[in-house]
> 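Handing you this structure, nothing more for now.
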Number of protein chains: 2
Amino acid sequence: MEDSDSKPTRKSASAKSRRVPQVPRKRSQPAAVTIRDVAERSGFSSATVSIVLNNAPLARYIPDTTKGRIQRAASHLGYRPNLFARSLRGRRSQTVGVMVFDMTDPYCTLVLRGIENTLYQSSFLPILTDVHNERSRFERYLEMLLDRRIEGLVVLANWLFVDINVLADLEKNNIPTATVGRDLNNENISSVIVDNAAGAYAAMDHLHSLGHRKIAFIRGPRGLTDTEPRWRGVRTLAHERDLELDSRLIVDLPESGDPFSSFEQGYKLTEELLRRNRAFTALMAFDDMTAFGAIRALNKNGIRVPDQCSVIGFDDVAPAALYSPALTTIRQPMELMGTTAATIVLEAINSGFEKKSAPTIHRKIIPELIVRESTRQLK
Amino acid sequence: MEDSDSKPTRKSASAKSRRVPQVPRKRSQPAAVTIRDVAERSGFSSATVSIVLNNAPLARYIPDTTKGRIQRAASHLGYRPNLFARSLRGRRSQTVGVMVFDMTDPYCTLVLRGIENTLYQSSFLPILTDVHNERSRFERYLEMLLDRRIEGLVVLANWLFVDINVLADLEKNNIPTATVGRDLNNENISSVIVDNAAGAYAAMDHLHSLGHRKIAFIRGPRGLTDTEPRWRGVRTLAHERDLELDSRLIVDLPESGDPFSSFEQGYKLTEELLRRNRAFTALMAFDDMTAFGAIRALNKNGIRVPDQCSVIGFDDVAPAALYSPALTTIRQPMELMGTTAATIVLEAINSGFEKKSAPTIHRKIIPELIVRESTRQLK
DNA sequence: TCCCGAAGTTCGATTTAAATG
DNA sequence: GCATTTAAATCGAACTTCGGG
């Protein structure tokens with residue numbers, strides 16, 4: 001029942017002559033099995049092997065006995081096609097670039113997992129790059145990714161220095177791209193963002209419904225695109241409920257690229273608020289990191305959270321659930337956002353393969369209020 | 001001063017005939033510039049171009065004028081070599097696989113950054129895989145990575161199911177591998193771990209020097225290799241200081257693959273300790289996640305940290321510094337560990353390229369006590 | 001004409017052996 | 001032989017074309 005040499009015809013003879021005799025490979029590598037080895041062992045040509053193994057259209061005509069023989073030969077030899085050869089010919093890399101602006105940001109983790117998981121389903125692999133918020137690094141990495149012929153790119157855009165121009169190369173190269181966390185307003189670059197206004201509205205609604213009227217705010221830095229819509233959400237609710245916003249209870253985070261700094265700034269700005277001596281019963285922080293800093297400052301000044309002051313964040317980064325007290329916050333569904341961005345890119349890749357052009361998609365996801373322990377009914 | 005057609009000799013004529021006339025590419029892709037385009041424009045053959053651009057040994061003989069012409073032509077056309085072609089020939093991918101067992105673990109972030117940063121210096125790119133603690137996924141990813149001819153592998157080994165056998169394929173394929181966070185005791189797989197005994201010793205020393213004598217312990221799960229040495233460190237110090245360890249103040253984390261569960265278990269086990277009604281003034285948790293859970297439980301039961309009970313963790317994950325109170329802990333220098341592992345792998349790759357065989361390296365790093373706010377002198 | 005399979009070309013860069021003056 | 005350059009082989013898979021039954 002051996003599956004070799006059952007066809008000792010002209011074919012195997014010609015197959016033998018196709019190469020310089022048996023020059024054993026010099027490398028200490030385990031002598032990779034090539035398609036020709038499979039061809040030889042199965043008694044068919046490499047073309048037939050390729051067609052069968054890829055189940056190409058032509059495979060229709062090939063009888064099952066042939067297919068079986070080839071498949072058995074392949075698996076017996078442990079054949080694995082050389083992806084370099086395949087990619088060289090077919091111009092596909094089965095690879096997607098992932099660009100993060102600061103890996104250290106807790107925001108990244110779950111988004112990355114969503115991306116990874118989605119790519120995995122489609123047998124794509126991610127190349128991870130972290131540009132450390134440096135422009136030169138961004139450019140270098142972009143080049144490296146293009147050199148590797150990534151088929152798509154997902155950008156985790158929690159950063160400041162972007163102008164639209166930076167991604168021009170991508171358009172030139174026709175690489176489907178999606179950003180997470182920031183909309184570039186570019187007609188060729190898809191985006192997945194959270195509805196910041198709705199989130200902030202929900203946060204305010206929560207505080208308001210708990211009876212809070214004197215609310216302090218730490219707003220985001222002006223440079224961030226998230227800042228304006230979140231504040232808009234706050235104002236919308238305030239207006240609806242005839243709530244007055246006391247400008248002496250409003251402070252702004254300074255610009256910064258570093259997630260840890262928003263913690264420190266949250267701390268400092270909260271102390272600043274306390275110094276102003278205007279009473280407040282709740283504090284709404286720009287994001288969770290800021291909220292952590294704020295809670296720390298409140299605690300330091302003998303103010304218990306939530307007993308004496310409620311605090312609400314935004315994002316629901318992983319530590320929020322671990323905090324003591326656990327942080328009430330607005331959840332950005334980060335894993336979903338990663339999944340969505342990756343899906344958009346994958347679909348664009350596929351449709352590009354079928355010559356349709358994929359539409360640019362801008363998805364705005366409604367965030368969810370997560371009530372934990374850092375907010376409480378005003379007594 | 002144009003650098004084309006200054007050599008209209010036989011060469012350029014032969015170069016013209018080497019290909020079917022100008023068949024414009026059908027693809028909408030931006031018609032990649034190949035080495036032959038550079039050859040044509042500069043008036044030399046592709047062989048010469050390759051030699052010059054790679055500064056190959058033979059480039060010694062090539063006059064500077066030629067080099068200049070070729071380089072100018074290349075940069076003028078914006079030539080970027082096709083890495084697939086190059087890799088196919090040269091069998092190098094400039095890629096390292098990174099395998100994480102659970103991306104969600106806060107332990108990962110900084111290690112990843114260390115790896116990324118180190119690879120970046122050497123123009124390597126990481127392919128990131130997350131096996132979600134599933135064996136099947138591990139195997140699938142390993143195959144995919146091997147298919148892509150990764151030149152090395154870094155494994156972030158914060159998991160349970162490993163037996164030494166799982167990495168056998170790597171040995172077969174001669175791929176330099178290093179693990180972070182766990183020593184496989186395999187003579188071909190390098191490792192970078194922290195000195196758990198020293199760390200636990202330092203933690204105990206800290207508590208002891210603050211005057212604590214009644215200390216509760218949440219030990220690690222038996223299945224983890226970290227568990228035993230940490231406990232050994234505790235016992236060593238206890239023995240040195242004639243400190244008695246009360247077995248009623250010792251509990252063990254159950255097995256689990258999920259980092260979040262150690263938080264929950266930390267919570268539950270602390271409540272369990274409290275129910276036992278044996279007084280303790282300090283608690284040493286297996287790791288930071290456990291410590292967070294413990295602090296939460298203490299707070300819930302009206303016990304203030306550190307006023308009424310000191311708590312110390314292990315790892316120094318990012319949230320530890322943000323916590324309120326900020327967590328005193330033993331820092332694993334995670335970024336350094338990532339850097340170290342990546343460096344080991346890169347060096348093995350290079351020495352493999354020069355036919356030397358690289359030694360397997362087992363590095364044990366001394367962790368550092370980070371005193372923050374969760375521990376305090378016993379009054 | 002239909003079915004089956006092989007021969008040969010292509011992808012783009014590197015490298016060896018060889019040719020030229 | 002020396003300096004300079006190149007034709008041709010190679011890497012491994014995929015695809016196009018063609019021929020035989």
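Heavy atoms only: backbone and side chains are in, while hydrogens, waters and symmetry mates are out. In what follows, chains are A, B, ... by sequence order, proteins preceding strands, each numbered from 1.
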> List for me each residue that meets side chain to side chain donor-acceptor pair (under 3.5 Å) alongside A:Thr48, sequence neighbours excluded, and say none if there are none.
A:Ser45
> With sequence neighbours left out, which residue pairs that include part of residues 78-87 of chain B fulfil the side-chain hydrogen bond (donor to acceptor under 3.5 Å, both in side chains) condition?
A:Asp147-B:Arg80, B:Asn54-B:Arg86
> Between the side-chain atoms of B:Arg86 and the base atoms of C:dT14, is any donor-acceptor pair under 3.5 Å?
no
> Round to a whole Å and report the spacing from CG of A:Asp37 to P of D:dG12.
9 Å
> Let me know, please, whether B:Ser46 or B:Ala85 comes out on the 5' side of the other along DNA chain D by nearest nucleotide.
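Nearest nucleotide further toward 5': that of B:Ser46.
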> Any N or O donor-acceptor pair linking the side chain of A:Arg89 to the base of D:dA14 at under 3.5 Å?
yes
> Figure out the CD1/C1' separation between A:Ile35 and C:dA7, and round it to whole Å.
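Going from A:Ile35 (CD1) to C:dA7 (C1'), I get 14 Å.
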> Give the residues of residues 49-58 of chain A touching DNA chain C, defined as any heavy atom closer than 4.0 Å, sorted by residue number.
none
> Rounded to the Å, how far apart are A:Asn82 CG and C:dA13 P?
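The distance from CG of A:Asn82 to P of C:dA13 comes to 17 Å, rounded to the nearest Å.
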> Donor-acceptor pairs are to be reported for all side-chain atoms of residues 119-129 of chain B against protein atoms at under 3.5 Å, with residues two or more places apart or in another chain.
| unit_1 | atom_1 | unit_2 | atom_2 | d |
| --- | --- | --- | --- | --- |
| B:Gln121 | NE2 | B:Asn117 | O | 3.3 |
| B:Ser123 | OG | A:Arg140 | NH2 | 2.7 |
| B:Thr129 | OG1 | B:Val98 | O | 3.0 |

> What's the CZ-C1' distance between B:Arg91 and D:dC11, to the nearest Å?
6 Å
> At 4.0 Å (heavy atoms only), tell me whether A:Ile62 reaches a base, stays on the sugar-phosphate, or touches nothing.
sugar-phosphate
> Using distance alone, with no hydrogens and no angle criterion, decide if B:His132 and A:Glu116 have a side-chain donor and acceptor under 3.5 Å apart.
yes
> Ignoring hydrogens and angles, tell me if any N or O in the side chain of A:Glu151 forms a donor-acceptor pair with the backbone of A:Val96 under 3.5 Å.
no
> In whole Å, I'd like the distance from the CD1 atom of A:Ile70 to the P atom of C:dA6.
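It works out to 8 Å between those atoms.
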> Pick out the pairs of N or O atoms, protein on one side and nucleotides 18-20 of chain D on the other, that lie under 3.5 Å.
none

> Provide, to the nearest angstrom, the distance between the OH atom belonging to B:Tyr61 and the P atom belonging to D:dT4.
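That distance rounds to 9 Å.
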> Tell me the interatomic distance from B:Arg60, atom CZ, to D:dC2, atom C1', rounded to whole angstroms.
12 Å
> Does D:dG12 have OP1 or OP2 sitting under 4.0 Å from an N or O in the side chain of A:Tyr79?
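For D:dG12, neither OP1 nor OP2 has a side-chain N or O of A:Tyr79 closer than 4.0 Å.
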> For A:Arg149, does its backbone N or O pair with a side-chain atom of A:Ser93 as donor and acceptor, under 3.5 Å?
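Yes; judged by distance alone, with no hydrogens or angles, the pair exists.
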> Quick one: CG on A:Leu88 to CG on B:Leu88, what's the gap to the nearest 0.5 Å?
6.0 Å
> Which whole-number value in Å describes the distance from B:Arg69 CZ to D:dT5 C1'?
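Whole-Å distance recorded here is 13 Å.
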> Taking A:Ser46's backbone N and O only, do any of them form a donor-acceptor pair with A:Ser50's side chain (distance below 3.5 Å, no angle check)?
no
> Salt bridge (charged side-chain N to carboxylate O under 4.0 Å, His left out) with A:Arg148: which residues, sequence neighbours excluded?
none
> Distance check: side-chain N/O of A:Arg36 vs OP1/OP2 of D:dC11, anything under 4.0 Å?
no
> Would you say B:Ser45 places a side-chain N or O within less than 4.0 Å of OP1 or OP2 belonging to D:dT6?
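Answer yes for this pair, as a side-chain N or O of B:Ser45 is under 4.0 Å from OP1 or OP2.
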> Is there a donor-acceptor contact under 3.5 Å from the side chain of B:Ser190 to the main chain of B:Ile361?
yes
> Under 4.0 Å: is that the gap between some side-chain N or O of B:Thr48 and OP1 or OP2 of D:dT4?
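No, outside the criterion.
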